[in-house]
Protein chains: 2
Amino acid sequence: MQIEDGAVAPGRRERKKRETRDALMAAALRLAVEKGPDNVTVEEISEAADVSVRTFFNYFSHKEHAILGRDPDDLALALRRVREAPDGESPLTTMRLIVAHVIDELEHHETPISQRIGLIMQSPTLLTQFVVLGAEDERELAAALAERMGEPTGSPRPALIVGATTMAVKVAMEQRKAGSDRPLGALVDEAFSLIADGLDPAYHQPDTHPSPR
Amino acid sequence: MQIEDGAVAPGRRERKKRETRDALMAAALRLAVEKGPDNVTVEEISEAADVSVRTFFNYFSHKEHAILGRDPDDLALALRRVREAPDGESPLTTMRLIVAHVIDELEHHETPISQRIGLIMQSPTLLTQFVVLGAEDERELAAALAERMGEPTGSPRPALIVGATTMAVKVAMEQRKAGSDRPLGALVDEAFSLIADGLDPAYHQPDTHPSPR
DNA sequence: TAATAAGTTGCACTCACTGCAAGTTTGTCT
DNA sequence: AGACAAACTTGCAGTGAGTGCAACTTATTA
């Protein structure tokens, strides 16, 4: 049975799968917020979502995956933005705009996303998983950016630009955490400017081989 | 009982502690290399070092700590280099020299360090722990660098410079992993140059608020 | 030598996570 | 509708990480 759309009808099976997945993610997030991310057990999460523990692990390989609840769409959106960026736009500008969108979502709505960010800053374990997952995204973004810049895939500049972007965000967040009250966007802007213009104009490649000082 | 030196005599106790710590690290590294980092149990490591499992955890909070075997001296050395850098040396140059030293050690001697790096690239878990531990070091380095640059501790530029350094190394390592046969030092040099001069001269701060494109 | 501090160990426990072998639900084909 | 297969869920048993506690051993100090 098909729907007029080109897509296949989801069917009860697929729908239920989505539902339990969502239920698990929601429960995980809620409990993590309530009790602190490190005080939640998989059993509680499964209980709250009304499935067995074993089923939990059929959906997520780690407890953290459920809490982080990465939405594949986010990466997809970012990739599309990279590929569809207007011709004149410089690569770092593109990245800045992508970041802007995320920050926007983060600051204005009290969406689950912002809750997650808060959690991530709390738990080392979560941060860890977050970084690891992020690394994969970075690779894809770098590849897309390389293509758009007309450079070979392994080329360093695109990879550095993507890396610099996450670095800028990280540093900005740390500043916030350390007590700065300037808006996150402004801090990010400052970091981006520094990165764009060169972090150290006085740098010149040192002689790295003779007796190390 | 004192030795003529200013330092206190180590005493049997301290000595034994160092010994078992070293034995545990050595066993952990050896077994990780032999069997793959994810196929080693704490029990095996403790067995090989001839201590109880419980004792293992008195020394290391995670299995990974033992394998990574971070030497606090490494960070201390890097910090000293930052603080004692000659007056005219630009900050990024200082960082480049620190990296040079590590690379040197890595490429020439077949020290445990190089083995560890190899392992780290193999196991996601290890990589993760490595990154997390690195983050702490980054903070300290950034603080030291800020001081040397005469900037306030929370200032973004030093933090970005330190972040850029690890980013440069990461990107260079990925290039190697992806098949480049240029020496690691050359790849790192290229990354540093790009970072120093500015990753994107065409960047200019976009208007981040109105309707997102 | 006696008192004390530091280090080691075994034990019992919680929790994450996996493989396997049922059982149940859903989709499909006739 | 009925039968069959594929997909999903679940319980169970088991491994291994990591923690707290109390008893024990060894080094230090007075």
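Just so we're on the same page: letters track the sequence lines, and every chain starts at 1.
- DNA chain D is contacted by both B/Arg13 and B/Phe60; B/Phe60 maps to the nucleotide lying nearer its 5′ end (nearest heavy atom per residue).
- The distance between atom CG of A/Asp38 and atom C1' of C/dC15, rounded to the nearest whole Å, is 13 Å.
- Taking atom CZ of residue A/Arg18 and atom C1' of nucleotide D/dA7, one finds them 17 Å apart after rounding to whole Å.
- Residue A/Phe57 contributes atom CZ, which lies 19 Å from atom P of D/dC8 at whole-angstrom precision.
- Nucleotides of DNA chain D nearest to A/Asn58 and B/His62 differ in position, and the one nearer the 5' end is that of A/Asn58.
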### Query
Between A/Glu174 and B/Glu138, does a side chain to side chain contact (heavy atoms under 4.5 Å, CB included) hold up when you go through it step by step?
CA-CA 12 Å; A/Glu174 272 167 8; B/Glu138 277 191 34; over 6 Å; no
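- You won't find any donor-acceptor pair under 3.5 Å spanning the side chain of B/Arg54 and the base of D/dG18, going by distance alone.
- When each of A/Ile45, A/Asn39, A/Thr41 is checked for a side-chain contact (heavy atoms from CB on, under 4.5 Å) with A/Leu31, only A/Ile45 meets the rule.
- Ring geometry for B/His65 against B/His62 counts as perpendicular: the plane angle is over 60°, on a 0 to 90° scale with 30° as the lower cut.
- Separating the CD atom of A/Glu14 from the P atom of D/dA6 is a distance of 17 Å, rounded to the nearest angstrom.
- Between A/Phe56 atom CZ and D/dT9 atom P the separation is 13 Å, expressed in whole Å.
- In this structure, the CD1 atom of B/Ile45 is 10 Å from the P atom of D/dG18, given to the nearest Å.
- Taking the charged nitrogens against the carboxylate oxygens, A/Arg96 and A/Asp189 do have a contact shorter than 4.0 Å, which makes a salt bridge.
- If you take NZ of B/Lys16 and P of D/dT28, they are 10 Å apart, rounded to a whole angstrom.
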